[in-house]
Every structure is written in structure tokens, then in C-alpha cells.
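What follows is a set of notes on a single structure, which appears directly below.
Below, each value reflects all heavy atoms present in this structure, side chains not excepted, and no hydrogens, waters or symmetry copies. Throughout, a chain's letter reflects where its sequence line sits, starting with A, and its residues are numbered from 1.
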Number of protein chains: 2
Amino acid sequence: EKEKIRGISCAEKEAKITLTRLQDKPGVAAAVFAPLAKAGVIVDMIAQSAAAGKAAAGAGAIGATDLTFTVARQDLARAKRCLEEARAQIGYEGLFCEESAAKLSVVGIAMRSQAGVASVMFRALAEAKINIHAISTSEIKISILIESRHAKKALRILHQLYGLDG
Amino acid sequence: EKEKIRGISCAEKEAKITLTRLQDKPGVAAAVFAPLAKAGVIVDMIAQSAAAGKAAAGAGAIGATDLTFTVARQDLARAKRCLEEARAQIGYEGLFCEESAAKLSVVGIAMRSQAGVASVMFRALAEAKINIHAISTSEIKISILIESRHAKKALRILHQLYGLDG
Ligand SMILES: C[C@@H](O)[C@H](N)C(=O)O
Ligand SMILES: C[C@@H](O)[C@H](N)C(=O)O
């Protein structure tokens, strides 16, 4: 069943922040966003994959996971300072900032499964050698982060792929 | 500015899959979802944080990142077989499956920044010692994965927090 792709959009002025090795226990994610909210930083997309392999570490062991989110480019310096100041409360190993990220989104309707749309979209970008840095979804939308310099090309590819006017 | 929370929902029959140490190069994500799409597996939420620290590994080094996604619980065994068969094409270190995951979502309108909603929502769950396994967002929605056994409690907490009828 061919999903209907209703639209494609690209937010080109995003900056990406990744915190590595956050402890996978209650309160850590809250500790990341509280100071950012307090500082009025505009956060757009958040993606955190699950800590895995905890069982291998032994019963009761706390796993670790990474967290990526985007902020408005003009908020990057402020967000970075915020997180550096809150480092002890949050508890992370690394803080990585990328100034030129673009968020590319595909909106589908009646997407019973994200798998079909994702594989077609990801395949098209892969053929153009465009790397997918992060992925975040909702029921009707798949958003990915790529490098800003690939944004226009990626939009053209997807518009062509889905037969939408670019 | 207090964001308006329009609704809270919980998908209780999700199963969660995490692939660890995927190579951060074009084509890998496509290789994950192509066989799943072919097998008709229903994929709901996808969350991938960005590979970080590549610079530390040296120019031209390929980073690694983890990827978490959910499938309908009845598709878990089939999805697992799919990914095991495609292991060489995808290239991952570990494949971790969790049968009882629940996806909790908060829908907001006029969420200029996700930071405010995220910090309040995450703080409330942290106080109840509910761990957030994964996070995925769209402009109007924040979805998190938690353990199924916390679903009812988490819903009650958020309904109370936002003054919505539980
Ligand atoms: C990593 C972070 O999301 C943690 N699991 C928490 O619940 O806050
Ligand atoms: C990890 C995976 O998303 C990879 N970066 C890709 O583009 O396919």
C-alpha cells in the first residue's frame, strides 16, 4: 500500500546538540530541559534512543544513553553555557554542538507503518550520499537531521521522489 | 508563557527494539527499515540520536550511534527475525528487544519551545521514579517510551498535572 505523502518541509536554521552517556535513570532528562526552559532557549526536535545492554552490565546496573536535540541557531551559545553550568546536575560525559543542521520532514497521511515511508525516504537520501544524523517521528511525520549544506539537494530529491512540486 | 496542553495519550501495546553501534554513514538506516517494510512490520515511533565525538576519533572516522523504534507487539518476533537475517547488510553490534513498552504522548498547541513542556512533563515522571527510555518529538507532540507497568500511573500523573480529565 503506497502511503500518501502530503508534504515535505525543511527547517534550515537549526543547531544540533548531543549529550553523551547520560545515566538512564529518572530525573536526568528533566535536568537537561529545566535549565534550557528557564533560559528561554527554543528547543525544536528531541531524539533519544534507549539505553541497551544493561542486562549485560549486571542486575541493578544503570545504563547510559545519548540525547540529541535541536535549538534555534541564535540560541546555541546560550544553550551550551546552560548545559555546561548544569553539568553536575545532569551528569553527562560529552557535550557536542553542531551549528549547521537542517531538519527535513516528510508528512504522510494514513501511514499505518512508518517502515515503508522511512525505507523509501532513507534509501533516496543514501543514494545521494546524504547522512542521516538523527531521527524523530510522530504518527504522521518523519523528521531527520542532516547537514545544512545538503538541505537544498535533499529537498529536490524528496520532491522528485514523491512527485510534489519543488 | 504557559503552553496549552491539548491532550495526553498512551499506546500501551508497543514493543521496543534497539540496535546498537550502527555505523553513522549513508544507507544504514535505509538498510534497517527496508526489510521491515518488506515484511509488513508495523513501525510506530523511531528515535535516533546523533553519533558524537567523531572528531575525537580522527578525520574521516565513521562514528557509531544507536537506533530505537517501536513495533506492534504482535510483530516483535517477526521484526527480530528480519533484523537478524539482515545483520550483515545493516551492520549493528547488538539487537535488544523489549516486549512491554508503552508510548506516552503529550500534545501541545503553540509550543514555541519544547523545552518548557519537556521539563515539566519529565520532572513529573521523574518524581514518580518512572524512567524515560526513549524520546521522539514533532512540532506539536512529545512522545516518550516507558515500561508498560508504569503506563496507568504515568497517565494519571500527567492528567493531574495538566488538569485534564483522566
Ligand atoms: C536518559 C534519561 O532520559 C533518563 N532515562 C530519564 O528518565 O530521565
Ligand atoms: C545511523 C544511520 O542513520 C546513518 N547515519 C544513515 O544515514 O543511514
Side-chain angles (χ1 to χ4, degrees), chain A residues 16 18 20 24-30 32-34 36-38 40-53 65-69 94 96 98 105 112-116 118-120 122-123 125-145, chain B residues 16 18 20 24-30 32-34 36-38 40-53 65-69 94 96 98 105 112-116 118-120 122-123 125-145:
Chain A
K16 159 176 130 251
T18 297
T20 58
D24 186 32
K25 62 176 187 183
V28 174
V32 170
F33 294 102
L36 293 173
K38 191 151 176 265
V41 168
I42 304 212
V43 171
D44 181 24
M45 168 179 167
I46 304 170
Q48 175 192 301
S49 53
T65 191
D66 299 349
L67 170 69
T68 291
F69 57 93
F96 299 87
E98 169 54 58
S105 303
R112 192 164 153 273
S113 170
Q114 305 273 13
S119 60
V120 168
F122 297 170
R123 168 60 36 208
L125 297 173
E127 279 167 8
K129 307 250 184 297
I130 295 171
N131 194 35
I132 297 167
H133 293 243
I135 305 169
S136 199
T137 63
S138 72
E139 283 74 9
I140 58 160
K141 181 183 283 204
I142 295 178
S143 292
I144 61 172
L145 288 181
Chain B
K16 159 176 129 253
T18 297
T20 58
D24 186 32
K25 62 177 185 180
V28 174
V32 170
F33 293 102
L36 293 174
K38 192 151 175 265
V41 168
I42 304 211
V43 171
D44 183 23
M45 166 179 169
I46 304 171
Q48 175 192 303
S49 52
T65 190
D66 299 348
L67 169 70
T68 291
F69 57 94
F96 299 87
E98 170 52 60
S105 303
R112 191 163 151 275
S113 171
Q114 304 275 13
S119 61
V120 167
F122 297 170
R123 168 62 36 208
L125 296 172
E127 279 165 9
K129 308 254 184 295
I130 294 172
N131 194 35
I132 297 167
H133 293 244
I135 305 169
S136 197
T137 62
S138 71
E139 283 76 6
I140 60 162
K141 182 184 280 204
I142 295 178
S143 292
I144 61 172
L145 288 181

At a heavy-atom distance under 4.5 Å, which candidate from B/A30, B/A126, B/A29 has the highest pair count against chain A?
B/A30

Would you say that B/I144 contacts B/H133 through its side chain, given a criterion of any heavy-atom pair below 4.5 Å between the two side chains?
no

Donor-acceptor check, side chain of A/S113 to backbone of B/V41, threshold 3.5 angstrom: yes or no?
yes

Looking only at A/A37, A/P26, A/G27, A/S119, most heavy-atom pairs under 4.5 Å shared with chain B are made by A/P26

With no hydrogens and no angle check, is any side-chain donor or acceptor of B/Q114 less than 3.5 Å from a backbone partner on A/V43?
no

Who wins among B/I46, B/T20, B/T68 for the most heavy-atom pairs under 4.5 Å with chain A?
B/I46

Please flag which part of A/K38 lies under 4.5 Å from any non-hydrogen atom of chain B: side chain, backbone, both or neither.
neither

Please lay out, stage by stage, how B/I142 and B/F122 fare under the test side-chain contact (heavy atoms from CB on, under 4.5 Å).
CA-CA 10 Å; B/I142 295 178; B/F122 297 170; 4.3 Å; yes

Counting heavy-atom pairs under 4.5 angstrom with chain B, the leader among A/T65, A/I132, A/D44 is A/D44

So which part of A/I130 gets closer than 4.5 Å to some heavy atom of chain B, the side chain, the backbone, both or neither?
backbone

B/S49 side chain vs A/A47 backbone, donor-acceptor pair below 3.5 Å
no

At a heavy-atom separation under 4.5 Å, does B/T18 approach chain A through its side chain, its backbone, both, or neither?
side chain

Tell me, side chain or backbone of B/S143 under 4.5 Å from chain A's heavy atoms, or both, or neither?
neither

Heavy-atom pairs under 4.5 Å with chain B: which of A/E98, A/Q48, A/E127 has the most?
A/Q48

Pair A/K141, B/E139 - check side-chain contact (heavy atoms from CB on, under 4.5 Å), show working.
CA-CA 10 Å; A/K141 181 183 283 204; B/E139 283 76 6; 2.8 Å; yes

Between A/S136 and B/T137, what is the shortest heavy-atom contact and its length?
OG-N, 2.7 Å

